[in-house]
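Structure first, then comments.
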Amino acid sequence: MKAVECSALTKKFAKTTALDSLTFSLDENKIIGLIGRNGAGKTTFLKTCAGYIKPTSGEIKVFGEKVFDNMNAISKLIYIYDDIKYNDSLRLGDILKLGPLYYKDWNSDFAVKLLKRFGLKDHMKYCKLSRGMKTQFNIIVGLCSRAPLSLLDEPTLGLDAAVRKDFYNILLNDYMEHPRTIIISSHLLSELENLLEEIVLIDNGKLVLHKSVEELQEYGVYLNGRSDIIGPFIKDKQVLSLRKLGNSIIAGIKNDLSDADRSYLSANNVDISKINVEDVCIYLTRKREDGEPYAF
Amino acid sequence: MLFNENYKRSLTAFTTDILRGFRKVFMVVFAILAALPVVNAIAIASLKKWQPQAIILSSNGMLGIGFFTMLITLSISFFVSTSNSEILTQFVWPINRKVYAVGNFLVMSACALISVSGVSALLPVEVLSARILKAAFDDLILVNNITFENFLVGFWISFCYIMLFSSFSYCLGMYFFRHKIITTVLLILLANLSAVPAIGSFYNAIYAFIFEEGTSIMLFSVKVWFAILLLHILPYIQLRRMEVRL
């Protein structure tokens with residue numbers, strides 16, 4: 001069964017189209033990165049996926065059921081975002097006591113363990129925590145719910161590098177022990193790359209690509225060499241980026257090089273190296289002034 | 001559909017969560033109410049030093065004060081609970097709009113019951129303090145006209161009134177926080193229209209139909225509970241399509 005299925009999913013706010021005919025599906029038990037620039041529609045997608053907002057047209061299904069106001073679908077997911085508001089009177093211990101009431105697979109022991117690991121105390125009031133501490137606590141709730149679908153919207157916002165690294169380790173270990181579908185929206189793709197299995201790239205509410213990380217790692221290559229060799233060579237290629245340095249050029253192109261191409265480039269002293277996933281995503285969503293994707 | 005496992009779990013968790021939130025409100029209000037008979041007894045004892053004439057002391061003042069205090073407290077609480085930020089704190093957890101609506105009805109019923117029971121439980125404190133005063137001052141006239149029968153009738157009517165006013169606040173809040181201007185204008189218009197004789201008479205007729213016509217408790221209960229249910233169905237119409245905005 002698919003964890004999430006979108007079919008021509010569109011969400012409009014007044015004159016703004018936040019999601020524009022998104023059609024894709026996500027398999028169960030994978031860690032998926034939802035990547036896009038600011039205002040691309042990541043949060044709107046996650047809110048729609050969580051049943052917070054209703055699609056304007058099209059549909060979104062979670063584990064085969066429409067999600068808006070559907071208790072069966074809602075009970076299988078948790079949506080964690082940076083600005084979660086719990087009742088002001090609640091202490092962290094109170095919130096963690098509510099968890100098992102709402103989620104059937106909630107792991108209280110894990111919650112206590114993580115609370116200690118992040119240096120948080122039961123008696124602390126959620127509303128009085130710093131931004132980073134709130135994020136840490138939200139991560140605890142998100143992981144301990146063991147919801148079959150976990151939607152994490154910028155889960156590391158406000159965390160320092162050490163805590164972020166700790167979070168990635170905890171998330172990966174917990175996922176290995178209890179596989180489930182985790183969708184992470186983040187700008188820190190370079191940090192997440194090793195954690196993710198698939199990437200969904202959206203831009204202006206539209207799906208740009210949905211590929212496995214392995215495919216994306218092979219998606220593009222940099223060619224570094226003389227401009228009189230590379231210039232003519234890339235004329236019929238999909239160019240992702242281009243940088244001139246005197247007589248040299250560093251060109252990022254889609255990796256559809258044949259063996260003959262590689263031999264030709266090698267014979268002309270052109271270095272070939274992979275474009276990292278983060279750069280691929282940047283190039284694919286970079287805009288020229290006329291609004292078209294950047295290509296040469 | 002309302003009774004599958006997910007609904008049951010969610011509804012149980014939701015009502016528990018909200019009732020826990022009310023715990024502090026009840027503790028504060030009941031602590032103040034419990035202190036009142038004691039303060040009243042001390043005040044009367046002090047008064048007797050300067051005012052030698054007889055004082056008539058009713059031993060059921062606490063019921064009236066408690067009833068109005070709880071009526072106002074719960075009405076305000078349920079009005080505030082429908083604000084966008086408060087709704088957001090509830091939808092952090094896996095609940096849907098039906099669970100929210102049914103859960104609020106159950107919580108309101110439980111709160112009304114706790115309120116009336118709590119206030120009633122304070123009655124012995126007042127009776128006891130009044131009896132101690134009576135023993136201390138011979139010329140104190142103690143009036144106690146509470147019987148078991150009229151206590152039960154009062155208990156039920158108080159419960160119905162608290163439910164009715166809380167439901168009205170809840171319904172009003174649900175529309176007010178979504179459509180502030182329209183709701184305010186409509187309320188002002190409805191209030192001003194009472195000055196028009198025909199409409200004023202219509203309002204009076206509705207009031208009389210619910211609260212005055214027919215003396216039986218049963219008939220009164222049916223009318224009031226019909227109004228209560230209506231005041232919970234109306235917000236659900238608003239709630240059904242509501243999006244949870246961050």
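Just so it is clear, the values below take in all heavy atoms, side chains as well, and ignore hydrogens, waters and symmetry mates. Naming convention: chains lettered A, B, ... in sequence-line order (proteins, then strands); numbering from 1 in each chain.
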Point to revise | Spacing of CG belonging to B:Asp17 relative to CG belonging to A:Asn87, to within rounding of 0.5 Å | key: 7.0 Å
Check your understanding: Where does A:Asp88 contact chain B at under 4.5 Å (heavy atoms): side chain, backbone, both or neither?
Key -> neither
Review point. What closest approach, in Å, do A:Tyr52 and B:Val92 show between heavy atoms, and which atom pair accounts for it?
Key: OH-CA, 3.7 Å
Check your understanding: At their closest point, which heavy atom of B:Arg240 faces which heavy atom of A:Phe68, and how far apart are they?
Key -> O-CE2, 4.0 Å
Exercise for review: Check step by step if side chain to side chain contact (heavy atoms under 4.5 Å, CB included) holds for B:Glu243 and A:Lys54.
Suggested key: CA-CA 7 Å; B:Glu243 293 190 334; A:Lys54 199 175 184 180; 3.5 Å; yes
Exercise for review: Look at atom NZ of A:Lys113 and say whether more than 12 heavy atoms of other residues, nucleotides or ligands are closer to it than 6.0 Å.
Suggested key: no
Check your understanding: Is the A:Tyr86-B:Trp93 ring centre distance short of 6.0 angstrom?
Key -> yes
Exercise for review: Determine, step by step, whether A:Leu98 and B:Arg20 satisfy the side chain to side chain contact (heavy atoms under 4.5 Å, CB included) criterion, reporting the C-alpha distance in whole Å, the side-chain angles of both residues, the deciding distance to 0.1 Å, and the verdict.
Suggested key: CA-CA 10 Å; A:Leu98 285 171; B:Arg20 273 184 192 168; 3.8 Å; yes
**Study point:** A:Lys104 NZ to B:Asn6 CG distance, which is reported to the nearest 0.5 Å
**Key:** 7.0 Å
**Study point:** Winner by heavy-atom pair count (cut-off under 4.5 Å) against chain B, out of A:Asn72, A:Ile80, A:Ile84
**Key:** A:Asn72
Exercise for review: Please determine, among A:Lys97, A:Lys76, A:Lys85, the option with the most heavy-atom pairs under 4.5 Å with chain B.
Suggested key: A:Lys85
Practice item. Measure from the side-chain N and O atoms of A:Asp69 to the backbone N and O of B:Arg97, and report whether any donor-acceptor pair falls under 3.5 Å. Key: yes
Revision key, fill the gap. Taking every heavy atom of B:Pro94 against every heavy atom of A:Ser75, the minimum-distance pair comes out as CB-CA, 4.1 Å
Review point. Heavy-atom distance under 4.5 Å to chain A: side chain of B:Ser10, backbone, both or neither?
Key: both
Review point. More than 12 heavy atoms of other residues, nucleotides or ligands under 6.0 Å from OH of B:Tyr161: is that the case?
Key: yes
Check your understanding: Side chain, backbone, both or neither: which part of A:Phe13 has a non-hydrogen atom closer than 4.5 Å to chain B?
Key -> side chain
**Study point:** B:Leu189, CG atom: more than 12 neighbouring heavy atoms under 6.0 Å
**Key:** yes
Point to revise | Test side chain to side chain contact (heavy atoms under 4.5 Å, CB included) applied to A:Asn70 and B:Asn96, step by step | key: CA-CA 7 Å; A:Asn70 182 343; B:Asn96 70 353; over 6 Å; no
Check your understanding: Within a radius of less than 6.0 Å around CZ of B:Phe68, do more than 12 heavy atoms belonging to other residues, nucleotides or ligands occur?
Key -> no
